[in-house]
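Numbers restart at 1 for each chain; the letters A, B, ... are given by sequence-line order, proteins then strands.
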Amino acid sequence: MSVSALSAHNDPKRSFQGLILTLHAYWADYGCAVLQPYDMEVGAGTFHPATTLRALGPKPWNAAYVQPSRRPKDGRYGENPNRLQHYYQYQVILKPNPSNLQDLYLGSLKAIGLDPLLHDIRFVEDDWESPTLGAWGLGWECWCDGMEVSQFTYFQQVCGIECAPVAGELTYGLERLAMYVQGVDNVYDLNFNGREGTEKVTYGDVFLQAEQEYSRHNFEHADTAMLLRHFEDAEGECKALLAAGAPRDGGPQRVVFPAYDQAIKASHVFNLLDARGVISVTERQNYILRVRNLAKACGEAFLLTDAGGFNSNREAA
Amino acid sequence: MPDLLLELRSEEIPARMQRKAAGDLKKMITDGLVEAGLTYEGAQEYWTPRRLTLDIRGLTARSKDVREEIKGPSTKAPDAAVQGFLRKAGLTDIAQAHTHSDPKKGDFYVAHLVKPGRSAEEIIAELVPATIRAFPWPKSMRWGKASAKPGSLRWVRPLQSILCTFGPETGAEPVVIDFEVDGIRSGNVTYGHRFHAPDAITVKRFDDYVAKLFAAKVVLDAERRKEIIRHDANNLAFASGLELVEDDALLEEISGLVEWPVVLMGEFEEDYLQIPGEVIRLTIRANQKCFVCSSTTPLRGGRTEGSGGGDDTLGASVPPPLTLKGEGDQRALANRFILTSNIEASDGGVEIVHGNGKVVRARLSDALYFWNTDQADMPDPEDLRASGDKFGLDLSKPLDQRMARLDKLDVTFHAKLGTQGQRVSRIAALAEELAPIIGADPAQAKRAAVLAKADLTTEAVGEFPELQGVMGRKYALLQGEQPSVAAALEEHYKPQGPSDHVPTDPVSVTVALADKLDTLVGFWAIDEKPTGSKDPYALRRAALGVIRILVENGVELKLLPLLEQHDGLAGKNIPTVSDQSNGTINAIGRAIASVFHKGLDVNQNSLDLLSFFHDRLKVYLRDRGARHDLIDAVLATDSANDDLLLIVRRVEALGTFLDTEDGKNLLAGTKRAANILAAEEKKGTRVAATVDAAKFTLPQEEALFAAVNQAEKDAAQAIQAQDFSAAMQALSQLRAPVDAFFDGVLVNDEDEGVRANRLALLQRIRAATGQVADFSRIAG
């Protein structure tokens, strides 16, 4: 396995970035397109258009990437050893899912040093649902010695649209996994670069100050009036872009990805407003519904594009 | 006779679905076999996380031939009719038909058809795929390449292989029954434990299947897996001088998560034991699927838990119940947990225990954070001032702050019934009013009502909603509330059903009633009543709760004035009539307002709710073994009877009375009188408006009249005094004169005046007994 080509500094047992590099190598070997993180604030790797939009339509799609994910409400001012408002997910999406997806997943755990005859690896029921994306699937939480290290989902619906074919999605919680393989109890103690002594960079070196600052921002300082305006703007822009790119004369939809960016933006703004505690329980449902409507509109529009299988659909018909 | 072995192997099936799925498989296959004309001696289903297995013994090898006759037309019928018959019977030539004779109809054609029996193999090869396609999973999914096309196979998780062998129990090799379901071809191959024995296993029949699986580290039988886990867990606990806290639901779940159970014990820091036992157990159970242990020495006062009081029942009130060994024996939790792994780890489980311990610690550290945060001051106390004033809260106390926060957040209780804050205002007002009737201290009742929902904003309840009330009580004790007030925070949710504990402390009773009555009145006001099987707001349970609290505590309470008055109360704390966002009058608000204004609507609504109480009371009494005809008979006399306890007492007294000779005879006499009256009323016979003593011709009439007057008066007095035994006693005096009357008097006298007078006398019997119950509704 090409993993052995990594230097000792990048052993996942010693290095956070080594863990990422190992997963990259593993899934690149399988044939995935290894993408870079999406350049917007998202709540989970699933929001990356490489998953949300590419899970739709008939075209095969295999991709892997790291996605920084933001959950403003999970901020703990850097004081909780396990909870972060910004963390990394490693995301693999395979469409259609190969029949040996469970084995492939277990192979990736072996690659990062988790021996299934030493560690208790389990698939525990967890039906995944994202109300904001109008998406759901069946699958499991994957446990390693009682710790949830991944989510494993067979997408059934995304953006309110049936997946045909079904995509398999693997989401690894990278910090947790790294804490486990490095044997560290506090996320901020993770060895980031695999060096020791003065050369060593920890997760805390990279992120602790940011966690403190963003917690203040998320809970205390974010300007809610401005955020409310931004939500409205993003919602309006998303709809306007879809309308501007609407198909002409039986041609394809021409503007989807930019519109979807606005749906992502609305979703993140909503999360911030939620963290600031200015959204009541009833309003909450309403906001979720509004984001979902944007996601659905984008998903439907995507099916009318080339990547969504528009031409292949027409040829088949 | 041959046996059938069927295994459907898939990716991990959710634990909660396995047992039922295996049962469904057995039922669908055995029903299908029987329907196809086969018989079998026995069938047993098995399941693991990765397989559903069915073992059918003594199956018949073929279904029997079925003979059938199809009658055709007369031999003299025209050719068109004969051709039609041939088509229908599937014959090619009329010579293949037989000729039957009938003395009336003459000769006619009959086709003798034989539907040959089919081999079991053939039947199974059709039945299994059909069963798989129609399998009733609660949730199923599509997967893989096939899912690109509509109509692809659905299963709970991807189906990996099908094993299907058929053959004699011993001797000759069984055969594979060959079929295919969406590209999965049946065979005689399965796989063992995912990690310990990943290679293919070839199987002949059930016996070697079980043995080979066991060798491949799969315990097929879930009951066996449970036994192993229970046994080993108890042993591990015992070896550490502890006792396992048994949990059957957890055991069932765990047995559905492993094929090869290996039980291990882990540890956490004693510091965490300051968290309440319920929270520790739920944290470890819900998130980690682990058991907890208790120390073998009974719990003493000096437990490290912060709440102190001896009334702190260790989880006894948390569903699902925590069953410590030895009823009523409260023991402290130990700082150990017991996990069940799915492998025999190469290091004996050291890493597994270490890893699980880390997660348990992280979870407990969260729980401890919740527990401490909930006892600390909230940020921004000034923000809570307005809400604090509204409820008369002491904002120096944590739970009061949480209540203020609940109000301030405007958390919706129900869109049409306003916020939780408004709800609490209504409950508190009602509790204050109820307190003197129940015998509770009004100040305490109000205090308890105001704090009753405060724990909904605590971190602990946010994490474990099932601990609502339980946590409120703990926090209340910690901030120095009266024990009765603290207890009411937990007990006002009770009883949760027909077998749940009914509160007895007057403060708890008061708040429990206020909470439930507010819910019922509210949902009645917005016309969200239960219909058929739909009762999303658990209103039947709330009504049953009111009934049980009143009846089992012996509380006399007239509901109607309360319901009506509470309607009025509610009106003050219902969402505002004008919708602020667009300034228009909100139709819903208006409707509620109209209901809450006193008047005919209110009465109608309250009476409707009362009759709902009566219906639930019937169910309640019936469940307790009371005769439903007696309940009907009592309620029929007084449909506006709003004191549920008195209704129950009356039913009991009536039942006792009817068990006596006097009662039985009086019932017969009253029924006879009623029947005669009914018959005559139907005929249009005149009945005198009042009984005229001057028209009596026989002494029995005189005697009955005197007895009726007396009994009616005595019974009325007794009822007034709510002494139903005495009322029955008074009525029992009627028995002899009624019997004598029917023995010696002919009601249908020739003299119309005498007859009308006697009918009037019968009416008086009906009226006298009718004070207690409508005897015509009583059976027998």
Side-chain angles (χ1 to χ4, degrees), chain A residues 58 60 76 79-83 95-103 106 114-127 136-140 143-148 152-156 162-168 176 179-180 183-185 219-220 277 280-285, chain B residues 11-17 49 139-150 152 156-158 160 194-196 198 257-258 262 264 266 287-290 339-347 349-362 365-366 369 409-412 415 419:
Chain A
R76 292 291 183 273
E79 286 164 12
N80 185 302
N82 298 295
R83 232 181 259 269
K95 180 177 83 171
N97 71 272
S99 59
N100 61 341
L101 185 54
Q102 275 188 317
D103 291 334
L106 293 168
L114 292 174
D115 173 3
L117 288 175
L118 188 60
H119 297 283
D120 186 26
I121 292 162
R122 222 84 73 73
F123 294 91
V124 179
E125 176 191 13
D126 185 35
D127 298 346
W136 70 276
L138 298 191
W140 309 274
W143 285 19
C144 175
D145 299 336
M147 179 183 301
E148 185 196 343
F152 188 131
T153 306
Y154 293 105
F155 279 160
Q156 302 294 301
E162 289 282 302
C163 297
V166 163
R176 267 198 209 177
M179 283 167 75
Y180 201 69
V184 161
D185 289 330
F219 295 122
E220 301 167 42
S280 76
V281 177
T282 29
E283 279 177 315
R284 208 167 177 278
Q285 275 314 310
Chain B
E11 297 180 4
E12 277 76 356
I13 306 166
R16 64 193 168 89
M17 298 177 188
K139 255 188 193 173
S140 61
M141 55 165 278
R142 302 167 295 118
W143 66 92
K145 260 188 201 158
S147 61
K149 301 235 157 56
S152 71
V156 64
R157 294 293 183 275
Q160 300 282 26
R194 184 188 280 288
F195 302 116
H196 283 303
L257 291 173
V258 292
V262 176
L264 300 163
N287 299 309
Q288 296 308 119
K289 325 263 187 230
C290 294
L339 72 102
T340 309
S341 83
N342 190 35
I343 55 166
E344 265 175 30
S346 49
D347 68 349
V350 175
E351 285 282 335
I352 295 173
V353 167
H354 175 71
N356 275 276
K358 280 177 79 161
V359 188
V360 163
R361 255 171 249 130
S365 144
D366 276 350
Y369 168 79
L409 283 179
D410 279 341
V411 178
T412 309
T419 64

Return the [atom1] to [atom2] distance between [X] and [Y], rounded to the nearest 0.5 Å.
| X | Y | atom1 | atom2 | answer |
| --- | --- | --- | --- | --- |
| A/His119 | B/Asn356 | NE2 | CG | 11.5 Å |
| A/Trp136 | B/Met141 | CH2 | CE | 9.0 Å |
| B/Ile343 | A/Leu117 | CD1 | CG | 6.0 Å |
| B/Tyr369 | A/Arg76 | OH | CZ | 5.5 Å |
| B/Trp143 | A/Leu101 | CH2 | CG | 13.5 Å |

* Apply ring-ring contact (aromatic ring centres under 6.0 Å, His included) to B/Phe195 and list each qualifying residue two or more places apart in sequence or on a separate chain. =>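 If we apply the ring-ring contact (aromatic ring centres under 6.0 Å, His included) test to B/Phe195, skipping adjacent residues, there are no hits.
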
* To do: Only counting residues at least two apart or in another chain, list the ones meeting ring-ring contact (aromatic ring centres under 6.0 Å, His included) with B/His196.
  =>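 Partners of B/His196 by the ring-ring contact (aromatic ring centres under 6.0 Å, His included) criterion, ordered by chain and then number, come out as B/His193.
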
* To do: Begin from the C-alpha positions of A/Tyr154 and B/Glu11 and carry the test side-chain hydrogen bond (donor to acceptor under 3.5 Å, both in side chains) through to its verdict.
  => CA-CA 12 Å; A/Tyr154 293 105; B/Glu11 297 180 4; 2.5 Å; yes

[X], part contacting chain A, at a heavy-atom distance under 4.5 Å:
| X | result |
| --- | --- |
| B/Asn287 | backbone |
| B/Val350 | neither |
| B/Gln160 | side chain |

Do [X] and [Y] have side-chain heavy atoms sitting under 4.5 Å apart?
| X | Y | result |
| --- | --- | --- |
| A/Asp145 | B/Val359 | no |
| A/Asp103 | B/Arg194 | yes |
| B/Glu12 | A/Arg122 | no |
| B/Lys289 | A/Trp143 | yes |

* Non-hydrogen atoms of A/Pro165 and B/Gly144 that approach each other most closely ->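 So the two residues come closest at CB-O, 3.8 Å.
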
* Between the side chain of B/Ser341 and the main-chain N/O of A/Asp120, is any donor-acceptor distance below 3.5 Å? ->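 Judged by distance alone, no pair lies under 3.5 Å.
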
* Determine the option with the most heavy-atom pairs under 4.5 angstrom with chain B, choosing from A/Met147, A/Glu148, A/Gln156, A/Lys95. =>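 Of A/Met147, A/Glu148, A/Gln156, A/Lys95, A/Gln156 has the most heavy-atom pairs under 4.5 Å with chain B.
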
* Among A/Gly168, A/Cys163, A/Cys144, A/Gly183, single out the residue with the greatest number of heavy-atom pairs under 4.5 Å to chain B. =>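 Highest number of heavy-atom pairs under 4.5 Å: A/Cys163.
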
* Asked: So which part of A/Ile121 gets closer than 4.5 Å to some heavy atom of chain B, the side chain, the backbone, both or neither?
  ->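 Contact with chain B is through both the backbone and side chain of A/Ile121.
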
* To do: Answer with side chain, backbone, both or neither: which region of A/Arg176 has an atom nearer than 4.5 Å to a non-hydrogen atom of chain B?
  =>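 Neither part, no heavy atoms under 4.5 Å.
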
Give the member of [options] that has the highest number of heavy-atom pairs under 4.5 Å with chain A.
| options | value |
| --- | --- |
| B/Arg142, B/Lys145, B/Arg16 | B/Arg142 |
| B/Glu351, B/Lys139, B/Met17, B/Arg157 | B/Arg157 |
| B/Ser365, B/Gly355, B/Gly357 | B/Gly355 |
| B/Ala362, B/Ala15, B/Ser140, B/Pro14 | B/Pro14 |

* Test A/Asp185 against B/Arg361 for salt bridge (charged side-chain N to carboxylate O under 4.0 Å, His left out), laying out the working first. => CA-CA 10 Å; A/Asp185 289 330; B/Arg361 255 171 249 130; 5.8 Å; no

* From CA spacing to verdict: side chain to side chain contact (heavy atoms under 4.5 Å, CB included), B/Val156, A/Leu138 -> CA-CA 8 Å; B/Val156 64; A/Leu138 298 191; 5.6 Å; no

